[in-house]
Novice: 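Let me begin by handing over the structure; questions about it come next.
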Amino acid sequence: MEYFEIMGNTRLGGEIDVHGAKNSVLPLLAGCVLVKGECVLHNCPRLSDVDFTIKILRHLGAEVKREGSTICVNTATLNRYDIPEALMREMRSSIIFLGALSGRLKKAKLFLPGGCEIGLRPIDLHIKALGELGYGICFDGRDIKSEFISKKSDNIALAFPSVGATENLILSSVLLEGNTRIINAAREPEIVDLCDFLVSAGAKISGAGNTVIEIEGARELHSVEHTVIPDRILASTLMSASAITSGEIRLNKVRLSHLLPVFPVFEEAGCRLYADKASLTIKPPKRLRRVRLIETRPYPGFPTDSQATACAMLSVAGGTSLIHETIFENRQKHVRELNRFGADIAVHDNYAVINGVKSLHGASASCTDLRGGAAVVLAALKAEGKSSIYSINHIDRGYECFENQLSILGADVKRINNEKESEKQTKPENQRF
């Protein structure tokens with residue numbers, strides 16, 4: 001069993017490069033299915049989710065090679081349209097292969113995806129959208145089968161701007177004859193990155209980043225080389241790490257426009273932000289101020305993936321802060337773990353009420369999910385004394401060697417491999433919900 005051992009109460013400092021976006025590289029790898037040739041992707045982080053996606057591609061018959069941060073995918077040898085349950089259950093984003101395989105082979109067979117338990121995140125939107133597009137969908141609650149019948153509608157309106165449903169619609173439409181319009185499409189930067197990749201390969205897509213995306217079916221896509229955008233969620237996580245430890249850090253290789261939704265929160269907390277081309281410097285105050293309300297929203301709103309680390313940051317701010325999670329109904333499990341460090345946080349419905357404390361103490365805690373796990377690590381960085389953080393496999397899904405990144409900034413974090421030690425699941429004394 002691996003876990004983190006962290007000696008806290010260390011002020012971070014220095015500079016670090018931000019690696020490629022986890023939420024972008026996964027759909028890009030799935031998008032390689034549509035290309036009958038070689039795709040070269042640069043700036044790909046080493047994440048367990050990327051490894052599982054590569055396993056899926058190889059299962060489908062693709063040739064995949066990796067050298068450093070570059071991944072080469074050749075799907076000319078693609079010979080399968082099914083993905084076994086064991087691979088699907090490793091991550092939620094595996095559902096993106098529904099659109100990719102349907103678009104390339106006009107049929108797909110897979111299972112319900114797994115991943116972090118942060119909410120129901122139903123696939124109804126995906127199934128309904130592909131059905132309206134012209135795919136026959138058979139779903140029995142476990143198996144999902146898709147087969148193209150005939151084009152039904154040119155206009156597909158999403159009830160909610162779901163990132164995954166938008167990506168599946170794009171992937172399943174680019175090789176369909178005729179025009180397709182996606183209404184109420186997700187606007188996230190990762191959607192734009194996927195469309196830029198596909199356009200470079202010969203797809204005809206316009207409107208990416210807007211609420212309406214228009215697609216003119218292409219006959220085929222050709223080989224392409226593409227660089228993955230920087231990870232805006234990693235950037236916001238490191239900003240929260242800077243803020244909670246009162247340490248000044250500089251983030252290099254960022255897209256400043258992608259971080260605009262989180263800037264107001266850090267500024268309200270008293271942090272000073274200095275931008276310089278592709279770099280961002282954050283200078284936090286000695287003690288953070290409270291933030292009246294953070295409400296998660298689809299892009300360009302405050303990202304749901306950043307609320308857990310913001311919660312950790314505000315646990316030591318002066319005054320009471322409020323976070324309202326509107327995207328997922330079960331995404332505040334990290335609160336229980338943060339309270340182990342002496343934080344004073346209560347959850348009511350989908351609101352987290354954060355009464356800032358002056359200090360945190362070391363504790364043993366577990367990562368509840370990917371972003372919640374990062375929040376727990378941030379609390380340990382601030383805490384007095386030693387902390388042990390378990391279930392760090394969640395963190396490995398979205399942060400490349402997180403302990404190394406934090407160490408570059410001066411943190412005392414070690415990855416310990418101890419197969420004999422069982423995970424500690426103690427309850428905090430003053431747990432409040």
Novice: Using distance alone, with no hydrogens and no angle criterion, decide if Asn417 and Arg415 have a side-chain donor and acceptor under 3.5 Å apart.
Specialist: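 Side-chain D/A pair, Asn417 to Arg415: absent.
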
Novice: If we count only N and O atoms by modelled type, under 3.5 Å, do the side chains of Asp154 and Thr180 hold a donor and an acceptor together?
Specialist: no

Novice: Under a 3.5 Å cutoff, is there a donor and acceptor pairing between the side chains of Asn252 and Glu15?
Specialist: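 Judged by distance alone, the side chains do pair up.
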
Novice: Taking all heavy atoms of Ser146 and all of Leu130, pick out the closest pair and write down the distance.
Specialist: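 Shortest heavy-atom separation between Ser146 and Leu130 comes out as OG-CD2, 4.4 Å.
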
Novice: Looking at Arg297 and Glu295, is any side-chain nitrogen of the basic one under 4.0 Å from a carboxylate oxygen of the acidic one?
Specialist: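 Arg297 and Glu295: salt-bridged.
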
Novice: Working to the nearest 0.5 Å, report the span between NZ of Lys36 and CG of Asn74.
Specialist: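 The CG atom of Asn74 is 12.5 Å from NZ of Lys36, to the nearest 0.5 Å.
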
Novice: Checking Ile137 against Lys145 for the side-chain contact (heavy atoms from CB on, under 4.5 Å) test, could you report, in this order, the C-alpha distance in whole Å, the side-chain angles of both residues, the deciding distance, and whether it holds?
Specialist: CA-CA 6 Å; Ile137 305 291; Lys145 298 177 183 178; over 6 Å; no

Novice: Start with the C-alpha distance between Leu29 and Ile71, add both sets of side-chain angles, then the distance that settles side-chain contact (heavy atoms from CB on, under 4.5 Å), and finish with yes or no.
Specialist: CA-CA 9 Å; Leu29 286 169; Ile71 299 177; 4.2 Å; yes

Novice: Begin with the C-alpha distance, continue with both residues' side-chain angles, and end with the deciding distance and a verdict on side-chain contact (heavy atoms from CB on, under 4.5 Å) for Thr245 and Leu378.
Specialist: CA-CA 8 Å; Thr245 65; Leu378 264 56; over 6 Å; no

Novice: Classify the angle between the aromatic ring planes of His324 and Tyr351 as parallel (below 30°), tilted (30 to 60°) or perpendicular (above 60°).
Specialist: parallel

Novice: Please say whether more than 12 non-hydrogen atoms of neighbouring residues, nucleotides or ligands are located less than 6.0 Å from NZ in Lys151.
Specialist: yes

Novice: Assess the side chains of His334 and Thr368: does a donor N or O sit below 3.5 Å from an acceptor N or O?
Specialist: no

Novice: Please determine, by modelled atom types, if Thr320 and Arg292 share a side-chain donor-acceptor pair under 3.5 angstrom.
Specialist: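 Note: Thr320 and Arg292 side chains miss the donor-acceptor criterion.
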
Novice: Find the distance between CG (Leu12) and CG (Leu381) and round it off to the nearest 0.5 Å.
Specialist: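 If I round to the nearest 0.5 Å, the distance is 6.0 Å.
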
Novice: Does the side chain of Thr304 come under 3.5 Å of the side chain of Arg331 through a donor N or O and an acceptor N or O?
Specialist: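 A donor-acceptor contact under 3.5 Å links the two side chains.
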
Novice: Do Ser236 and Ser306 meet the criterion of a side-chain donor-acceptor pair at a distance under 3.5 Å?
Specialist: yes

Novice: Counting C-beta onward and ignoring hydrogens, is there a side-chain heavy-atom pair between Val25 and Asp231 closer than 4.5 Å?
Specialist: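 A side-chain contact is absent here, since even the closest heavy-atom pair is not under 4.5 Å.
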
Novice: Counting only N and O atoms by type, is there a donor-acceptor contact under 3.5 Å from the side chain of Arg66 to the main-chain atoms of Cys44?
Specialist: yes

Novice: Going by atom types only, do Tyr390 and Ser364 share a side-chain donor-acceptor pair under 3.5 Å?
Specialist: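 Per modelled atom types, Tyr390 and Ser364 side chains form no pair under 3.5 Å.
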
Novice: For Ser279 and Lys253, which I'm curious about, is there any donor-acceptor pair between the side chains at under 3.5 Å?
Specialist: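 No, no side-chain donor-acceptor pair sits under 3.5 Å.
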
Novice: Is the count of non-hydrogen atoms from other residues, nucleotides or ligands lying under 6.0 Å from Glu85 atom CD greater than 12?
Specialist: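 Result for CD/Glu85: enclosed.
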
Novice: Would you indicate whether Lys106, at its atom NZ, is surrounded by more than 12 heavy atoms from other residues, nucleotides or ligands within a distance under 6.0 Å?
Specialist: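 Counting other residues, nucleotides and ligands, NZ of Lys106 exceeds 12 neighbours.
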
Novice: Run the numbers on Lys109 and Asp143 for salt bridge (Lys or Arg N to Asp or Glu O under 4.0 Å), then give the verdict.
Specialist: CA-CA 7 Å; Lys109 179 183 178 182; Asp143 299 356; 5.6 Å; no

Novice: Is it true that Tyr299 and Arg232 share a donor-acceptor pair across their side chains at a distance under 3.5 Å?
Specialist: no

Novice: Considering residues, nucleotides and ligands other than Asp276, do more than 12 of their heavy atoms fall under 6.0 Å from its CG?
Specialist: yes

Novice: May I ask you to say whether Glu214 pairs ionically with Arg181, meaning some side-chain N is under 4.0 Å from a carboxylate O?
Specialist: yes

Novice: Go through Leu125 and Ile123 one step at a time and tell me if the side-chain contact (heavy atoms from CB on, under 4.5 Å) criterion holds.
Specialist: CA-CA 5 Å; Leu125 285 174; Ile123 63 167; over 6 Å; no

Novice: How many angstroms lie between atom CD1 of Ile144 and atom CZ of Phe139, to the nearest 0.5 angstrom?
Specialist: 5.0 Å

Novice: How long is the span from the CG atom in Asn355 to the CD1 atom in Ile345, to the nearest 0.5 Å?
Specialist: 9.0 Å

Novice: Assess the side chains of Asn168 and His126: does a donor N or O sit below 3.5 Å from an acceptor N or O?
Specialist: yes

Novice: What are the two closest heavy atoms between Ile389 and Cys367, and how far apart are they?
Specialist: CG2-SG, 3.6 Å

Novice: Nearest 0.5 angstrom please: Ser240 OG to Met313 CE, how far?
Specialist: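 With rounding to 0.5 Å, OG (Ser240) is 5.0 Å from CE (Met313).
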
